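Okay, so here's the structure we're looking at.
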2 protein chains.
Amino acid sequence: MATSTRFAVAIHILTHISLRHGQAVRSEDIAHSVNTNPAVVRRILGALAAAGLTQAQLGQGGGALLAKPVAQITLLDIYRAVEEPPTFALHRVPPNPDCYIGRNIIPVLESEFGRLSAALDDALAATTMADIVGRVEANAGTPYRADGV
Amino acid sequence: MATSTRFAVAIHILTHISLRHGQAVRSEDIAHSVNTNPAVVRRILGALAAAGLTQAQLGQGGGALLAKPVAQITLLDIYRAVEEPPTFALHRVPPNPDCYIGRNIIPVLESEFGRLSAALDDALAATTMADIVGRVEANAGTPYRADGV
DNA sequence: CTTTAATGTAATTATGTTGGTTACACGATA
DNA sequence: TATCGTGTAACCAACATAATTACATTAAAG
């Protein structure tokens, strides 16, 4: 199981917006930081906005803003916003119902995969964007400057 | 997220072999239960064998056998055998090193994704094939019969 | 020793997902 | 009203997955 890069990019995007402290950030500026296309950033921002994590300021001087305080945005919120469930996939084609194992293993897998997903959710919920932003600044050693360099 | 079905199929395969109690099982019989092609089963069995979980009995009357007791095969062993790391992907293209965030977020993501992977590993290691086989039999209500129906 | 049954593995193909790109309609601000 | 920026659709290249076919190899049975 490999997640898409959307989760990592979404965290990057939210970190970028967070460090601007309420100033709207253009998708083009974020794209420059992420090293990708503005439309890719807007697509992910669309998912984050649908989940109530960000909001868009249209028009001149507009851009993306946080819709919630950084301490109230968990990695679980972000993960659910940008990654398609399920995390653990069952058989592409259902197993043979005429076989003892094929007939009985699906509920066992569903239950076990549910337990694994719940464990992952717990781990994801334990970190907020406030933690991430704090670690990025700690890693940099210097505070973020308005020019972003 | 396009998760592979290999993990679910590998558990199915090992359950099948376990229920035969030491009798070699042909890839064709397993494929019939999983509802797929014998070559697909053999490919997954190859990964499981490389991880030391199964072994092949070549020639007439041959097939797949467990290489360890069921209680000593954890879901973590299986997951690592058939899924490619990493579970959580970073940016496809590295972020812009000329940007404060692009320059400092990667170590933060690596550390956080490491923590998430470790949490998932803990959850995976908590279940063994003995648990899975027991639940399949409990779900069936009747013990497994030699004809597999 | 020969036949037969089974695995191991490579090559090919179909399908789906991801992310990059372009394009353009829509909304908001100056 | 002109301009700026978002939202979103359409398209494409790259990649992953799994189904399929084919065949060399190995071991048991006669």
Side-chain angles (χ1 to χ4, degrees), chain A residues 1-10 12-13 17 20 23-32 34-51 54-65 67 82-96, chain B residues 1-10 12-13 17 20 23-32 34-51 54-65 67 82-96:
Chain A
M1 175 193 70
T3 57
S4 68
T5 65
R6 286 195 299 271
F7 184 47
V9 173
H12 186 145
I13 290 171
I17 301 173
R20 292 292 186 88
Q23 181 185 350
V25 190
R26 301 184 310 155
S27 63
E28 188 179 340
D29 293 336
I30 299 174
H32 190 246
V34 174
N35 242 345
T36 185
N37 192 292
V40 171
V41 172
R42 289 202 290 272
R43 202 184 298 157
I44 293 175
L45 277 170
L48 296 174
T54 63
Q55 60 189 44
Q57 173 83 30
L58 292 187
Q60 191 172 18
L65 295 166
V82 302
E83 293 287 348
E84 285 296 314
T87 302
F88 298 93
L90 292 176
H91 305 56
R92 177 182 285 188
V93 172
N96 187 351
Chain B
M1 166 170 43
T3 61
S4 111
T5 65
R6 288 194 298 270
F7 184 48
V9 172
H12 185 145
I13 290 171
I17 301 173
R20 291 292 186 86
Q23 181 186 351
V25 190
R26 301 184 310 156
S27 63
E28 188 179 341
D29 294 336
I30 298 175
H32 190 247
V34 174
N35 240 347
T36 186
N37 192 291
V40 172
V41 173
R42 288 203 289 271
R43 203 182 304 152
I44 293 176
L45 277 171
L48 296 174
T54 63
Q55 59 189 46
Q57 173 83 30
L58 293 186
Q60 192 171 19
L65 295 165
V82 302
E83 294 286 348
E84 284 296 314
T87 301
F88 298 93
L90 292 177
H91 305 55
R92 177 183 286 188
V93 172
N96 187 351

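Small disclaimer: the values here were computed from a predicted structure and weren't measured. Proteins get letters first, then strands, A, B, ... in listed order; numbering begins at 1 in each.
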Measuring only between side-chain heavy atoms, which start at C-beta, is [X] closer than 4.5 Å to [Y]?
X: B:Ile17; Y: B:Ile30; result: yes
X: B:Leu45; Y: B:Ile13; result: yes
X: B:Leu48; Y: B:Val82; result: yes

Can you check the [X] [atom1] to [N] [atom2] distance for me, whole Å?
X: B:Ile44; N: D:dA19; atom1: CD1; atom2: P; value: 8 Å
X: B:Arg43; N: D:dT20; atom1: CZ; atom2: P; value: 11 Å
X: B:Asp29; N: C:dA5; atom1: CG; atom2: P; value: 14 Å
X: A:Ile13; N: C:dG19; atom1: CD1; atom2: C1'; value: 13 Å
X: B:Arg92; N: C:dT21; atom1: CZ; atom2: P; value: 11 Å
X: B:Leu65; N: D:dA27; atom1: CG; atom2: P; value: 14 Å

_Suppose we screen for salt bridge (Lys or Arg N to Asp or Glu O under 4.0 Å). Which residues come up paired with B:Arg42, at least two apart in sequence or across chains?_
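None.
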*Say you draw a straight line from CG of A:Asn35 to NE2 of B:His91; how long is it, rounded to the nearest 0.5 Å?*
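These two atoms lie 9.0 Å from each other.
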_Taking the nucleotide of DNA chain C with the nearest heavy atom to each, does A:Thr5 or A:Asn37 sit closer to the 5' end?_
A:Thr5
Give every pair of a protein N or O atom and an N or O atom of nucleotides 2-7 of chain D that lie under 3.5 Å apart, one pair per line with the distance.
residue: D:dG5; atom: OP2; partner: A:Arg26; partner atom: NH1; Å: 3.1
residue: D:dT6; atom: OP1; partner: A:Ser27; partner atom: N; Å: 2.6
residue: D:dT6; atom: OP2; partner: A:Ser27; partner atom: OG; Å: 2.9
residue: D:dG7; atom: N7; partner: A:Arg42; partner atom: NE; Å: 2.9
residue: D:dG7; atom: O6; partner: A:Arg42; partner atom: NH2; Å: 3.1

*How far apart are the closest heavy atoms of A:Gly61 and A:Ala24, and which atoms are they?*
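Smallest heavy-atom distance, with atoms named: O-CB, 4.0 Å.
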